[in-house]
2 protein chains.
Amino acid sequence: MTDKERGPRERMVFSAAQLIRRDGVAATGMRDVVAHARAPRGSLRHYFPGGKEQLVNEAVDWAGRYAAGRVARFLAGMPEPSPSRLFAAMAAQWIDEYGSAGFEAGGCPVAAATVDCSEAAESTREAAAAAFARWTAPVARALADMGVPAARAEPLATLMISALEGAILIARAERDVRALTTVTRELGPLLDAAATPRS
Amino acid sequence: MTDKERGPRERMVFSAAQLIRRDGVAATGMRDVVAHARAPRGSLRHYFPGGKEQLVNEAVDWAGRYAAGRVARFLAGMPEPSPSRLFAAMAAQWIDEYGSAGFEAGGCPVAAATVDCSEAAESTREAAAAAFARWTAPVARALADMGVPAARAEPLATLMISALEGAILIARAERDVRALTTVTRELGPLLDAAATPRS
DNA sequence: GCCTGTCTATGACAGTCGTCATACTAGAAC
DNA sequence: GTTCTAGTATGACGACTGTCATAGACAGGC
């Protein structure tokens with residue numbers, strides 16, 4: 001999560017994602033991004049000739065890849081994986097961050113890009129859709145591996161991500177992780193039941 | 001849904017909600033709002049001395065009340081109400097709009113305000129939290145009336161709204177109602193099962 | 001040496017934003 | 001009539017925004 005000697009270009013994408021998830025796309029200026037990334041402003045045009053739209057799209061793309069990577073790591077570190085445990089791990093990432101660092105860091109950058117750019121920048125909308133897809137895929141694959149029938153793996157993965165994104169929204173508004181813990185508790189049994197069709 | 005001889009003040013709040021849910025808060029200018037509402041720009045300061053923040057807060061408030069009102073009307077028009085049918089009706093409102101009018105109108109204004117203002121305007125964050133609460137309350141009450149145990153009524157209502165908000169996000173990004181129909185189908189059985197603890 | 005390409009630095013551009021100051025109209029109160 | 005108030009109209013202000021033009025730094029190739 002730290003800078004760790006990445007190039008200026010990568011730092012800018014990373015900083016853009018952080019600022020977007022906190023303030024939204026429109027409220028995030030390119031000058032803010034370079035300042036946050038401690039990157040030279042003169043390089044903005046050089047690395048992102050497509051302007052702000054390109055920078056935002058790459059930030060969304062980065063966020064989608066990051067989310068997918070987290071899912072893989074959750075699964076790798078799980079001795080006895082189950083659908084409810086996977087969902088709990090995904091939600092716990094947010095519960096833990098809000099609990100330890102507060103709500104200042106904001107929500108999901110993909111959600112922010114969807115809200116701010118869906119009707120204005122077609123390419124950003126596509127980037128957000130791609131990010132959601134890249135995030136859903138490993139979840140669905142994991143569910144299938146856990147015994148969820150193939151036909152229900154992807155729908156359930158969509159349900160998981162929908163509930164998580166919505167709970168993040170409510171948690172931010174309430175400044176309380178209640179919504180996140182609630183959906184974890186209420187959705188878990190349903191998910192596990194789908195993994196064992198015959199009991 | 002039409003203007004129908006409301007006063008200029010109310011029209012501005014209504015227009016603000018419409019523009020916010022489409023473009024986000026930051027991208028919605030006050031000049032856009034008065035133009036969309038065909039209201040006199042000179043009245044902006046008069047009706048909303050608190051500036052943009054007040055206008056946004058009232059739009060969020062209006063959206064919360066509107067959502068709560070819709071829930072009541074769904075229930076009133078339902079011969080044999082059940083949790084799954086209520087959720088299906090809530091989701092169908094979005095599925096129908098996206099199917100008939102396209103995605104141009106945008107998503108949920110409360111979600112947009114949460115994403116854009118949570119870390120910048122405390123009062124708007126509170127307005128969003130209040131809107132979610134006002135929306136959740138009638139849903140929870142309806143669930144309790146349908147036989148859901150009191151302790152689970154509100155958590156399930158939160159789950160319903162979380163899943164709905166998340167599915168709206170995904171549907172907008174994908175320009176496809178798939179996510180909305182999916183959560184409706186997958187969440188229904190769980191909701192109805194909670195209404196009949198003993199079968 | 002020179003040349004070339006990548007990267008950086010800086011300032012200016014035109015546009016938009018929310019806000020505010022000022023002045024005008026209409027109508028009711030008395 | 002006058003006075004007061006709600007509502008409207010208009011223009012300007014400073015502070016941004018994203019974009020762009022221009023120039024400089026600094027390497028590697030030859």
Side-chain angles (χ1 to χ4, degrees), chain A residues 3 5-20 22-60 109 112-113 115-117 119-125 127, chain B residues 3 5-20 22-60 109 112-113 115-117 119-125 127:
Chain A
D3 286 357
E5 230 30 71
R6 277 181 291 217
R9 206 202 122 103
E10 202 172 347
R11 285 207 316 274
M12 287 193 247
V13 174
F14 179 69
S15 290
Q18 285 193 267
L19 296 181
I20 286 170
R22 189 184 65 190
D23 301 318
V25 172
T28 298
M30 317 210 71
R31 289 165 173 85
D32 302 333
V33 172
V34 296
H36 183 275
R38 272 185 292 279
R41 185 166 85 88
S43 305
L44 251 179
R45 236 192 134 47
H46 187 254
Y47 288 123
F48 307 96
K52 184 178 188 178
E53 190 168 328
Q54 180 185 356
L55 176 57
V56 171
N57 292 359
E58 296 204 20
V60 170
V115 163
D116 278 350
C117 309
E119 318 306 321
E122 177 76 4
S123 72
T124 304
R125 203 215 82 232
Chain B
D3 286 358
E5 231 29 73
R6 276 181 293 217
R9 206 202 121 103
E10 202 173 346
R11 285 208 315 274
M12 287 193 246
V13 173
F14 179 70
S15 289
Q18 284 193 269
L19 295 180
I20 286 170
R22 189 184 66 190
D23 300 320
V25 173
T28 297
M30 317 210 71
R31 290 164 174 85
D32 302 334
V33 172
V34 296
H36 183 274
R38 272 186 291 280
R41 185 165 87 88
S43 304
L44 250 179
R45 231 186 138 52
H46 187 254
Y47 288 124
F48 307 97
K52 184 178 187 177
E53 191 168 327
Q54 181 185 355
L55 176 57
V56 171
N57 292 358
E58 296 204 21
V60 169
V115 163
D116 278 351
C117 309
E119 318 307 319
E122 177 76 4
S123 72
T124 304
R125 202 216 83 231

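Labels below follow one simple rule: chain letters A, B, ... track the order of the sequence lines, proteins then strands, and each chain is numbered from 1. Everything numeric in this text was worked out from a predicted model, so none of it was measured.
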Whole-Å distance between [N] [atom2] and [X] [atom1]?
| X | N | atom1 | atom2 | answer |
| --- | --- | --- | --- | --- |
| A/L19 | D/dT17 | CG | C1' | 15 Å |
| B/L55 | C/dG18 | CG | P | 10 Å |
| A/Q54 | D/dG18 | CD | C1' | 14 Å |
| A/D32 | D/dA15 | CG | P | 17 Å |
| B/R38 | D/dG7 | CZ | P | 21 Å |
| A/L44 | C/dT8 | CG | P | 10 Å |

Close side-chain approach of B/F48 and B/V13, heavy atoms under 4.5 Å: yes
With a 4.5 Å heavy-atom cut-off, do A/S43 and A/R9 have their side chains touching? no
Let me see the working for B/N57 and B/E53 under side-chain contact (heavy atoms from CB on, under 4.5 Å), right down to the final yes or no. CA-CA 6 Å; B/N57 292 358; B/E53 191 168 327; 4.1 Å; yes
Can a side chain N or O of B/H46 be found less than 4.0 Å away from OP1 or OP2 on D/dA6? no
Given D/dT8, is OP1 or OP2 found less than 4.0 Å from the side-chain N or O atoms of B/Y47?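 Looking at the OP1 and OP2 atoms of D/dT8, one of them is under 4.0 Å from a side-chain N or O of B/Y47.
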Quick one: the side chain of B/R9 and the base of D/dG7, do they pair up donor-acceptor inside 3.5 Å?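 Not at all, since no donor on one side and acceptor on the other fall under 3.5 Å apart.
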Nearest to the side chain of [X], which nucleotide is it out of [options]?
| X | options | value |
| --- | --- | --- |
| A/P8 | D/dT19, C/dT8, C/dT19 | C/dT8 |
| B/R41 | D/dT17, D/dT10, D/dT19 | D/dT10 |
| A/P40 | D/dT8, C/dA9, D/dG11 | C/dA9 |
| B/R31 | C/dT8, D/dT19, C/dT19 | C/dT19 |

Taking for each residue the nucleotide of DNA chain D bearing the nearest heavy atom, is the 5' side occupied by B/S43 or by A/R45? B/S43
Looking only at atom types and distance, does a side-chain atom of B/T28 sit under 3.5 Å from a main-chain N or O of B/L19, one as donor and one as acceptor? yes
Report yes or no: does A/R11 contribute a side-chain atom to a donor-acceptor pair with the main-chain N or O of A/R38 at less than 3.5 Å? yes
